[in-house]
Amino acid sequence: MYDIANNAGPTYPGDFLPILKWTDFGRYERKVKRIGQKSDAFLQGLLDDHRSARGGPESENSMLSRLLSFQKSQPDEYTDDIIKGIIMIMMLAGTDTSAIMLEWIFSNLVNKPEILEKARAEINSQVGEENLVEEPELAKLRYTQAIISETLRLYPAAPLMVPHVSSDDCTLGGYHVPRNTMVLVNAWAIQRDPQLWDDPTSFKPERFLKGENENSKIIAFGIGRRACPGSGLSRRITGLCIASLIQCFEWKRVDDKLVAMDEGTGGVVVPKFDPLKTMCKARPIMNKLFPEAF
Ligand code: HEM
């Protein structure tokens, strides 16, 4: 996964200087073909394990076993290649992005404990301290949702989105774009544009609680028919995850220094430069929810 992610996106110099493709500069083609074969073998192994029920009882209700059951009734639609493609895109597009968003969220929360406390107060008042937050309650957690939106705005997991190619000559913002040109959208810069946002570089979830629909200005999931189909799922998973982590633990920085908020480098998905290190301590609710653990 690491190899695929790092070789995806606009990272190949030959895309910018086509002459380099003649010599397979940096052995890029050979490298990606090898990665492709390796990942195909891995996914085929997963499929075969599920098919022969070698995955154990926990795999019986998995997404893969569901897809394989569709294969029995619609063999032409659900070929092995299609199923491998679905699993691959879910893993590639859905895992790193959501994990990185979570890391940015907690980096912001430990740097701004007052925001963390406000989120906790909302969770206490809407969910209470007896039960772990559940999905239907997420709609009531408006401040938690606002924290997610503000993180997507300032720290989009895919800052240049996924490269697109113009299928025809067109004009974009007054610029002529010939057919077959790679087009990148700088979501990172657009979401910090002072013409669109007040105090654009400050982390202020409150801006999403105003009456206007600020969320419609977020483009971190793309726009239009190729926009991210996992955006709703991702917001729900992340919402559940941060709300339960806030319910169950106290969170603090490891020392007085603020957590550095620099971006690292990557393919499509860009992680933090320094992975987040933080301290956490179990809260009393953990004794009630998981007494056997204490
Ligand atoms: C924080 C979480 C996520 C972010 C920031 C994110 C962002 C994006 C972006 C920017 C694109 C490209 C949109 C474009 O080309 O204009 C995309 C595409 C895609 N995402 Fe996500 N995504 C996230 C989570 C997920 C999840 C959880 C899934 C599925 C489990 C998913 C599945 C996909 C797929 C399949 C595409 C390709 C859509 C297409 O090309 O038609 N993503 N995502």
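Each ligand, and each atom within it, is numbered from 1 in the order the structure gives. As a basis for the values below, the full set of heavy atoms in this structure was taken, side chains included, without hydrogen atoms, waters or symmetry mates.
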Carboxylate-amine/guanidinium contact Arg236 Glu135, below 4.0 Å: yes

Electrostatic pair Lys118-Glu206, nearest N-O below 4.0 angstrom: yes

Selected option - heavy-atom contact closest to atom 16 (O) of ligand 1, from Met161, His164, Arg236: His164

Under 4.0 Å to a heavy atom of Ile89 - the qualifying atoms of ligand 1, by number: 35 (C)

Environment of atom 21 (Fe) of ligand 1 in terms of protein N/O/S atoms, cut-off under 2.8 Å: Cys228 SG

For atom 30 (C) of ligand 1, closest protein heavy-atom neighbour: Met90 SD, 3.6 Å

Residue part near ligand 1, for Arg225, under 4.0 Å between non-hydrogen atoms: neither

Ionic contact status for Glu130 with Lys288, cut-off 4.0 Å: yes

CA sep, side-chain torsions, deciding dist, call: Leu102, Cys241, side chain to side chain contact (heavy atoms under 4.5 Å, CB included): CA-CA 8 Å; Leu102 210 54; Cys241 195; 3.5 Å; yes

Heavy-atom nearest neighbour of atom 11 (C) of ligand 1 within options Val269, Val162, Leu233: Val162

Gln247 vs Glu129, side chain to side chain contact (heavy atoms under 4.5 Å, CB included): CA-CA, chis, key distance, verdict: CA-CA 7 Å; Gln247 267 191 312; Glu129 298 214 55; over 6 Å; no

Whether Tyr155 and Trp104 hold their rings parallel, tilted or perpendicular, with breakpoints at 30° and 60°: parallel

Residue pair Ser166 / Pro178: nearest heavy atoms and the distance that separates them: OG-O, 2.7 Å

Contact partition for Arg226 relative to ligand 1, non-hydrogen atoms under 4.0 Å: both

Contact summary for Ile148 and Arg235, nearest pair of heavy atoms: CD1-O, 3.8 Å

Contact summary for Val268 and Met161, nearest pair of heavy atoms: CG1-O, 3.7 Å

Close-contact set for ligand 1 against Ala220 heavy atoms, below 4.0 Å: 5 (C), 7 (C), 10 (C)

